[in-house]
Number of protein chains: 2
Amino acid sequence: MEEVNDKVTHNQCSMHINESGAQLTHEQIGPADAIPAVRQRIVREATRLFALKGYNGVSVREIVEAAGITRPTLYYYFPSKEQLFEHIIAETLGEFRSQLEQAVRSQGSLRERLIQICRVHLDFARCNADNCHLVHSVLFTNESKRVNFDLDEYFRQNMRMIADVLAEGMASGDIRSGDPWLMAMMFGGIIHMFIMAMMRDPAAVSQEGLAEIVVDNLLRGLGA
Amino acid sequence: MEEVNDKVTHNQCSMHINESGAQLTHEQIGPADAIPAVRQRIVREATRLFALKGYNGVSVREIVEAAGITRPTLYYYFPSKEQLFEHIIAETLGEFRSQLEQAVRSQGSLRERLIQICRVHLDFARCNADNCHLVHSVLFTNESKRVNFDLDEYFRQNMRMIADVLAEGMASGDIRSGDPWLMAMMFGGIIHMFIMAMMRDPAAVSQEGLAEIVVDNLLRGLGA
DNA sequence: CGCAACCTACCGAACAGTAGGTATATAAAC
DNA sequence: GTTTATATACCTACTGTTCGGTAGGTTGCG
């Protein structure tokens, strides 16, 4: 009860996932819709552990121990381990989607918008390293089958949003004509690579000005 | 005995992993060092299942059932589930490294060498989809701790090889001056993105001329 | 040849431990 | 007294692993 929701909240970063945000379909707790600290602890520790060892690598015993509770308490808040997992995934993806939409709709030159898109990715990954790690582990083991969420469609939509921005750039003459989808894949891939590097060693990637550098290099090209 | 080592061997692709290649330290079977078909089946099915469900998602029972044997037989060929897993990873990474080294050492213009590097990645991923999937699942859950192999160092070395090629390009005036490491990250990220897309839906990525298109787009840049 | 000794390659059954999940009790709050 | 939130103790199913055994082949030797 004394220490509640720190540890994810980083310093200069305000886009972390707060469990108290708009929830996706789960039984509401109590008449006043405050979220119990215990439930938050469960989500936080489960996220951390799932990210570290994958779904099958973590037992509910481990989760409840980390959260300082017992198993029935976890099952009081979540119907199953699987749905706890699903909840975390859906919450993470939902939060990121909203951040990305904001970046895509941002005003400014094409370059600035691309920088904003890049920055949103990097910031989100930095502030929600565990969630980010978790989503990746879902993507690459086919535990995707486990989670009741069309991940392919989700990422296709994200790519489509970026491709649309690039297509606008072609219309305005900022981007040379070509296949917006292919270009979006390239842009997404580059961003992704730095996220991966950050996940494996946060200190190895200096966030300072990275988005600008990446976008400028991509626009100019590597050729002399 | 009748059907032995197909199913990985694709048509126009000759860079699949053959279990009969130079083995890494395990007891040699028999005086003639032929590799028993049973052992190959174990490795093949284990690779497929691990790729599909992750290390912890697959039981030894599942593997032996898929391979058409019993558990003691698996333990006859491999000392543990963990070391079977490790063997597959090490074999995969070793084989890819050798392919990549060949591409890096290839002759030709800088553009052609980059295309070759890109092509090696894409071909390897296409011909060894299971192995590729598996390595990724190791990368993103921290089952990396499980495997007795410094994955960070491995990929750092791969990136260094690509960065060196780019640095040579700077010296010869083909690449504009800049940070070779950052450029290698960008190049690697783009390649990676297409590999991911292939892994999730092999049909969605047309391999035909992709390497050329990617390299040319990267060299020229997306800007008008 | 006959036969014992040994080997590789495999199997059925069982082990101790842990998995996810729950029936039931209890303690406090309304 | 009902509801909310927690705990103890237990269930069944499954985990990785091992034990003891054996079919079938090869070798050595008289």
Side-chain angles (χ1 to χ4, degrees), chain A residues 1-2 4 19 26-43 45-46 49-50 52-88 141 143 145-148, chain B residues 1-2 4 19 23 26-46 49-50 52-88 141 143 145-148:
Chain A
M1 275 211 193
E2 43 284 0
V4 177
E19 166 75 1
H26 193 270
E27 86 274 306
Q28 285 297 349
I29 313 294
D33 52 0
I35 286 122
V38 172
R39 194 189 143 105
Q40 290 181 265
R41 278 214 312 276
I42 294 171
V43 169
E45 294 303 314
L49 288 168
F50 282 142
L52 198 61
K53 314 205 228 179
Y55 180 82
N56 285 300
V58 182
S59 65
V60 298
R61 283 167 169 83
E62 241 177 312
I63 297 170
V64 299
E65 190 182 0
I69 56 170
T70 58
R71 262 170 299 148
T73 301
L74 185 147
Y75 283 98
Y76 176 78
Y77 289 104
F78 295 93
S80 69
K81 179 190 180 188
E82 213 157 286
Q83 284 189 235
L84 165 59
F85 187 70
E86 212 168 297
H87 165 82
I88 296 172
T141 73
E143 328 218 36
K145 295 296 177 293
R146 174 182 320 284
V147 75
N148 190 16
Chain B
M1 274 209 192
E2 43 282 0
V4 178
E19 167 75 359
Q23 217 72 301
H26 193 269
E27 87 270 307
Q28 286 296 350
I29 314 293
D33 52 0
I35 285 122
V38 172
R39 194 189 142 106
Q40 290 181 266
R41 277 212 314 276
I42 293 171
V43 169
R44 195 196 331 135
E45 294 303 314
L49 288 168
F50 282 143
L52 199 59
K53 313 206 228 178
Y55 180 82
N56 285 301
V58 182
S59 67
V60 175
R61 285 165 171 81
E62 243 177 310
I63 298 171
V64 300
E65 190 182 359
I69 56 170
T70 58
R71 269 166 289 155
T73 301
L74 186 147
Y75 282 96
Y76 176 77
Y77 287 105
F78 295 93
S80 69
K81 179 191 178 187
E82 212 156 289
Q83 283 189 238
L84 165 58
F85 187 71
E86 210 168 297
H87 165 82
I88 296 171
T141 73
E143 328 219 35
K145 295 296 177 297
R146 176 183 317 285
V147 75
N148 190 16

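Every value quoted in this text rests on a predicted model; they were computed, and no experiment measured them. Worth knowing before you read on, the calculation uses all heavy atoms, side chains too, and leaves out hydrogens, waters and symmetry mates. Just so it is clear: chains get the letters A, B, ... in the order the sequence lines come, proteins before strands, and each one is counted from 1.
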field: Whole-Å distance separating the CZ atom of A:Phe78 from the C1' atom of D:dT6
entry: 16 Å
query: At their closest point, which heavy atom of B:Gly68 faces which heavy atom of B:Arg41, and how far apart are they?
result: O-NH2, 4.2 Å
query: At what distance, to the nearest 0.5 angstrom, does CZ of B:Arg39 lie from OH of B:Tyr76?
result: 11.0 Å
message: Going by salt bridge (Lys or Arg N to Asp or Glu O under 4.0 Å), name the residues that satisfy it together with A:Glu62, two or more places apart in sequence or in a different chain.
response: A:Lys53
query: Between atom CZ in A:Phe50 and atom C1' in C:dG20, what is the gap in whole Å?
result: 12 Å
message: So B:Tyr77 and B:Leu84, do their side chains get closer than 4.5 Å, heavy atoms only?
response: no
- request: Can you measure from CG (B:Asn56) to OH (A:Tyr55) and round to the nearest 0.5 angstrom?
  value: 12.0 Å
message: On a heavy-atom basis, which atom in A:Ala66 and which in A:Glu45 lie closest, and how many Å separate them?
response: CB-OE1, 3.5 Å
- request: Return the set of residues passing side chain to side chain donor-acceptor pair (under 3.5 Å) with B:Thr70 (not counting sequence neighbours), or none when no residue passes.
  value: B:Thr73
query: If you check the B:Tyr76 side chain, which of C:dG12, C:dT8, D:dT8 turns out closest?
result: C:dT8
Sort me out a list of protein N/O and nucleotides 27-30 of chain C N/O pairs below 3.5 Å, or just none if empty.
none

query: Between C:dC10 and B:Thr73, is there an OP1 or OP2 to side-chain N/O distance shorter than 4.0 Å?
result: no
task: Please report, rounded to the nearest Å, how far the P atom of C:dG12 is from the CD1 atom of B:Ile69.
output: 12 Å
query: Which parts of nucleotides 14-20 of chain D does protein reach within less than 4.0 Å, heavy atoms only, written one letter per nucleotide 5' to 3' as B for base, S for sugar-phosphate only and - for none?
result: -BBBBB-
message: I'd like to check the side chain to side chain contact (heavy atoms under 4.5 Å, CB included) partners of B:Val60; sequence neighbours left out, ordered by chain and number.
response: B:Val64, B:Arg71, B:Leu74, B:Tyr75, B:Lys81
Spacing between A:Leu74 atom CG and D:dT4 atom P, to the nearest angstrom: 19 Å
